[in-house]
Protein chains: 2
Amino acid sequence: MEETRSTTVRDVARAAGVSPGTVSKAINGTGSISPATRARVLATAEELDYRPNDLARSVFERRSFTVGMITTDSFGRFSVPVMLGAEDALGAGRISVFLCDSRDDPIRERHYIDVLQRRRVDGFIVTGRSSNPRPPLEVPRGMPVVYAHAPSTEPHATSVLIDDVRTGELATEHLIDTGRRRIAAITGPERFLAAHQRVRGHLAALAAAGLEPVRSPLGGEWTEQWGRHATHLLLREHPDIDGIMCGSDLIARGVMDSLRELGRSVPDDVAVVGIDNWELIADGARPSLTSVDTNLQELGRTAAQRLLEAIDGRPRRGAEHIAPRLVIRESTELG
Amino acid sequence: MEETRSTTVRDVARAAGVSPGTVSKAINGTGSISPATRARVLATAEELDYRPNDLARSVFERRSFTVGMITTDSFGRFSVPVMLGAEDALGAGRISVFLCDSRDDPIRERHYIDVLQRRRVDGFIVTGRSSNPRPPLEVPRGMPVVYAHAPSTEPHATSVLIDDVRTGELATEHLIDTGRRRIAAITGPERFLAAHQRVRGHLAALAAAGLEPVRSPLGGEWTEQWGRHATHLLLREHPDIDGIMCGSDLIARGVMDSLRELGRSVPDDVAVVGIDNWELIADGARPSLTSVDTNLQELGRTAAQRLLEAIDGRPRRGAEHIAPRLVIRESTELG
DNA sequence: CTGAAAGCGCTAACAA
DNA sequence: TTGTTAGCGCTTTCAG
């Protein structure tokens, strides 16, 4: 096993017959240097397959051009799009991203913070499964942190969030626009802020249109099973329902399955709209499911943007909400 | 904005009244040092909230204790579990992971390789959506690379893969074990190696049990729609079918929907088994879906293991396959 | 056991 | 324009 040491500035300098300082200038385009030597240095660098050592540079610059991304959501339903968006925005700015999965374990989180601190990351992005507030990341003051999707309990922290109220509003407005009047909501567990706020938007939209909800919203689980179950409950009480807003696409699938079973046609008898726009689920459904996209990828990109600004010394405090967007499919098409 | 420089070895040394070298020894436990000074140094370090600069250390050690993870699969269906497994295994060994999403774009891949090279990563893990072979990562010879899920076309490369043949075998053996005899397969596009190999395992299992396939396997898409469509075709030709092996869970869901529609009960009339064990899909299905888990997370962990070995100078060449595992649910329960 | 000195690879200030 | 020097933060000989 030959121990190969990668080529250094010195090597290039020696080969090109100049000093290390000159090589540095040639490569970074700093200082003043004659075009001739510049060209010669670059040529030899190329020839020797020289690759600058960014670690050494970082020691000098006192920053690493890296950030830590900490996710508490192993399964990735929500974090993954956020992380991809963030990585995309950061990568474009030549910043690299450390991936850390804390699995919702404070010990592991602490560990990652320590490790990344030693690596001198320029900042952190924190993301998680639930949009419920979480305790702040314990980093030294002055270290930039942006919360993506899961806000901090600390109100002054920088957070980029889903506009859950607006998703419920959009979904419900769309039902109304397609002529539905006897509308109900089936959503997730009460303890989830998201469930709550989506319902708030739902009720606001109904009120704005001068409609009464057919029934108080049904809260249960974020599952197909619950969607199926709730639909049975709902139709038993209100057989004349003509529109259902679901708190998630998975719930919506369950709802549509039960509707079919109960002999209701979607969208002719009942229109159904979901939230999440999880394409695989929405496209695979029968009929395909109209859904509100929460734009998680854009959320991630925005979070990255905010982190860059904070690193740059101009932090934007407080919460910011990403606008959702309606994606129309068959489940609400006008008859 | 106060420009705060983090505390250094020098600061600690000064505060503790010793030399920088001594601090280094105390903190790393290297060299010989008296218990007294050691304790004193550690105390002052603690007090000053000193955090060693790993970048500086890495410059010295000529390695960074970081690796690059390059995924070509933005959507993450397959890469995410692999990445989490890898991150888990590496994090335990105090190695940090750079996340890079190349989006299947060679230009972006090249870019990431360059950037990470400059950051002096110790190696690469490459992962992708498809299990079809991909061109090798263009890195200097001697740089450790492990392919996870998507193998390299270079046969000597180190790859850790799903045992697709075995998944098909397991699924089919299970159908046979539950007493099914008129069995068919519905799977994904022919151009996918995975589809091919799963069918190979399927046919092998049938042959081993002395059974003939009812019909040549139906290859189409990896979607619910295809599952529904194929089921109609299949039952028109062979109404007496009693077991269906599906190339994926999504296909299986479509299959089960159509079976119900055609008045067949699952599992009483027809047993259905999927592959992937995508829990959300399998648990949500009605009845819940028996499926073969491809153990992607373990695959990721193993890939990390192999990478560590390669970094350590003992690479293991060639492909290695991770054993799948059957997860039994309602869709194949014995009547 | 401890400190001084040199060096990892790179860059910025300053002389030449 | 170029080379020299010093230094980023850390570690490791090697004298003391």
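Since this is a predicted model, take the numbers as computed values, not measurements. Protein chains get the first letters and strands the later ones, always in sequence-line order, with residue 1 at the start of each.
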Which comes earlier along DNA chain C counting from the 5' end, the contact point of A/T8 or that of B/R38, where each point is its nearest nucleotide? B/R38
List in chain and number order the residues that pass side-chain hydrogen bond (donor to acceptor under 3.5 Å, both in side chains) with A/S64, two or more places apart in sequence or in another chain; answer none if no residue qualifies. A/T66
Mind checking side-chain hydrogen bond (donor to acceptor under 3.5 Å, both in side chains) for B/S79 and listing every partner two or more places apart, or none if nothing turns up? B/T71, B/D73
For residues 55-71 of chain B, pull every pair meeting salt bridge (Lys or Arg N to Asp or Glu O under 4.0 Å), keeping only residues two or more places apart or in separate chains. B/R57-B/E61, B/R63-B/D122
Applying a 4.0 Å non-hydrogen cut-off, can you work out what A/V23 is touching in the nucleic acid: base, sugar-phosphate, or nothing?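 Answer is nothing: A/V23 stays at 4.0 Å or more from every strand.
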With a non-hydrogen cut-off below 4.0 angstrom, is A/S32 in contact with a base, only sugar-phosphate, or nothing? base
Anything under 4.0 Å to a heavy atom of chain B counts; send over the first and last such nucleotide of DNA chain D, read 5' to 3'. D/dG9 to D/dT12
ring-ring contact (aromatic ring centres under 6.0 Å, His included) partners of A/F65, counting only residues at least two apart: none
Taking ring-ring contact (aromatic ring centres under 6.0 Å, His included) as the test, write out the residues that go with B/Y50, two or more places apart. none
Quick one: CD on A/E320 to CZ on A/R316, what's the gap to the nearest 0.5 Å? 5.5 Å
Nearest-0.5 Å distance, NZ of residue B/K25 to OG of residue B/S19: 6.5 Å
Name every residue in residues 44-63 of chain B that has at least one heavy atom under 4.0 Å from any atom of DNA chain C, in order of residue number, or write none if there are no such residues. B/V59, B/F60, B/R62
Do B/S6 and B/R51 meet the criterion of a side-chain donor-acceptor pair at a distance under 3.5 Å? no
Chain B vs DNA chain C, heavy-atom contacts under 4.0 Å, first-to-last nucleotide span, 5' to 3', is C/dC1 to C/dG9
Only counting residues at least two apart or in another chain, list the ones meeting side-chain contact (heavy atoms from CB on, under 4.5 Å) with A/V67. A/L90, A/I95, A/V97, A/L307, A/I311
By side-chain contact (heavy atoms from CB on, under 4.5 Å) - contacts of A/A150 (at least two apart):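 Partners of A/A150 under the side-chain contact (heavy atoms from CB on, under 4.5 Å) test: A/R134.
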Go through it in stages, so that I can follow the logic: the residues are B/D101 and A/D88, the test is side-chain contact (heavy atoms from CB on, under 4.5 Å), and I'd like the CA-CA distance, side-chain angles, deciding distance and then a yes or no. CA-CA 8 Å; B/D101 174 15; A/D88 183 39; over 6 Å; no
With each end axis built from five pairs of C1' atoms, what bend angle do you get for the helix from C/dC1-D/dG16 to C/dA16-D/dT1? Round to 10°.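 What I find for the helix from C/dC1-D/dG16 to C/dA16-D/dT1 is an axis angle of 50°.
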Any side-chain to backbone donor/acceptor pair from B/D293 onto B/N295? Under 3.5 Å, distance only.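 Yes, B/D293 side chain to B/N295 backbone: donor-acceptor pair under 3.5 Å.
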Pairs in or reaching into residues 32-44 of chain A: which pass side-chain hydrogen bond (donor to acceptor under 3.5 Å, both in side chains), with residues at least two apart or in two chains?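 Sorted pair list: A/S34-A/T37.
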